[in-house]
Amino acid sequence: QVQLVESGGGLAQAGGSLRVSCAASTRTFTVYAMGWFRQAPGKDREFVAGISASGGAIRYADSVKGRFAISRDNAKNTVSLQMNSLKPEDTAVYYCAAGYFRDYSNFATGRSDYNYWGQGTQVTVSS
């Protein structure tokens with residue numbers, strides 16, 4: 001079992017920055033790819049960013065590419081998402097997720113590929 005707890009988020013103005021972090025309670029953090037997903041009201045949960053277990057592969061949704069940066073600290077069992085140049089359309093609940101993929105240097109971006117989820121943290125961007 002992996003328990004994930006998000007922190008950070010909050011309210012920002014358009015053009016501003018926020019950082020969300022996720023702490024994982026597991027002794028095997030290094031075997032999991034980590035992802036950030038978000039869900040806006042009335043919309044499906046969507047992939048935002050992900051990082052492989054090895055840390056060597058990173059992917060972003062086109063909508064956040066160049067603005068968001070994902071990172072992981074295997075020594076602290078944490079994964080973070082730095083969000084810059086925020087837009088009102090970034091407003092959503094952000095979820096941290098962990099998934100096991102046999103190839104530690106790769107990962108998938110579908111919701112069903114991730115086994116463990118955090119409770120979510122609200123990010124609100126005002127115009």
Side-chain angles (χ1 to χ4, degrees):
Q1 281 285 357
V2 179
Q3 291 186 324
L4 304 172
V5 179
E6 298 99 338
S7 61
L11 178 65
Q13 290 187 332
S17 298
L18 285 172
R19 185 180 182 89
V20 290
S21 296
C22 173
S25 61
T26 174
R27 295 183 178 181
T28 57
F29 181 70
T30 56
V31 308
Y32 291 99
M34 301 299 296
W36 284 98
F37 291 73
R38 66 186 181 187
Q39 187 166 17
K43 295 190 176 181
D44 290 335
R45 192 172 299 187
E46 63 176 1
F47 173 80
V48 175
I51 185 167
S52 63
S54 69
I58 289 176
R59 295 179 196 158
Y60 297 99
D62 288 343
S63 58
V64 307
K65 207 170 289 183
R67 300 188 297 120
F68 289 12
I70 188 172
S71 60
R72 66 186 295 159
D73 185 336
N74 287 342
K76 296 182 179 179
N77 281 17
T78 60
V79 61
S80 297
L81 184 68
Q82 178 66 41
M83 303 180 288
N84 300 324
S85 301
L86 284 164
K87 303 176 181 179
E89 51 262 44
D90 294 319
T91 295
V93 177
Y94 282 71
Y95 296 91
C96 171
Y100 177 77
F101 302 92
R102 188 174 292 182
D103 181 357
Y104 286 4
S105 63
N106 205 352
F107 63 96
T109 61
R111 285 179 54 185
S112 60
D113 296 306
Y114 291 78
N115 311 91
Y116 304 101
W117 294 84
Q119 81 287 352
T121 186
Q122 178 70 46
V123 170
T124 302
V125 183
S126 62
S127 57

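These numbers come from the heavy atoms of this one structure, side chains and all, not from hydrogens, waters or symmetry mates.
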Cluster overlap V20 with V5, hydrophobic side-chain contacts below 4.5 Å: no
Single hit among Q3, M34, Q1 for side chain to side chain contact (heavy atoms under 4.5 Å, CB included) with Y116: Q1
Quiz item: cation-pi between R111 and F37, 6.0 Å / 45°: no
Residue pair T91, Q122: steps toward the side chain to side chain contact (heavy atoms under 4.5 Å, CB included) verdict: CA-CA 8 Å; T91 295; Q122 178 70 46; 4.0 Å; yes
Donor-acceptor pair, side chain of S127 and main chain of P88, under 3.5 angstrom: no
Nearest non-hydrogen partners of R67 and S85, listed with the distance: NH1-O, 2.9 Å
Linked, directly or transitively: V2 and Y94 (ILVMFWY side chains, under 4.5 Å): yes
Y100 and Y32 aromatic ring geometry - parallel, tilted or perpendicular at 30°/60° bounds: perpendicular
F107 to R59 - nearest heavy-atom pair and separation: O-NH1, 2.7 Å
Y60 side chain vs I70 backbone, donor-acceptor pair below 3.5 Å: yes
Side chain to side chain contact (heavy atoms under 4.5 Å, CB included) between Y104 and V31, intermediate numbers included: CA-CA 7 Å; Y104 286 4; V31 308; 3.4 Å; yes
Nearest atoms (heavy-atom pairs only) where L86 meets A12: CD1-CB, 3.9 Å
Option passing side chain to side chain contact (heavy atoms under 4.5 Å, CB included) with W36 (candidates I51, L81, V64): L81
N-O pairing of K87 and D90 below 4.0 Å: no
Heavy-atom closest pair, residues A53 and T30: CB-O, 3.3 Å
Distance under 6.0 Å and angle within 45° of ring axis: R72 vs F29: yes
Steps toward side chain to side chain contact (heavy atoms under 4.5 Å, CB included) verdict (R19, S80): CA-CA 7 Å; R19 185 180 182 89; S80 297; 3.4 Å; yes
Shortest non-hydrogen separation from C96 to V79 and the atoms involved: SG-CG1, 3.8 Å
Side-chain donor or acceptor of E6 paired with backbone N/O of G120 under 3.5 Å: yes
Smallest separation among heavy atoms of S52 and S105, with atom names: CB-C, 3.8 Å
Y114 (side chain) donor-acceptor with T109 (main chain) under 3.5 angstrom: no
N/O donor-acceptor pair under 3.5 Å between S21 side chain and S7 backbone: no
Atom pair CG/CZ of L18 and F68 - distance to nearest 0.5 Å: 9.0 Å
Residue pair F101, N106: steps toward the side chain to side chain contact (heavy atoms under 4.5 Å, CB included) verdict: CA-CA 7 Å; F101 302 92; N106 205 352; over 6 Å; no
Over 12 foreign heavy atoms within 6.0 Å of CD, E46: yes
CG-OG1 distance between L11 and T124, expressed to the nearest 0.5 angstrom: 6.0 Å
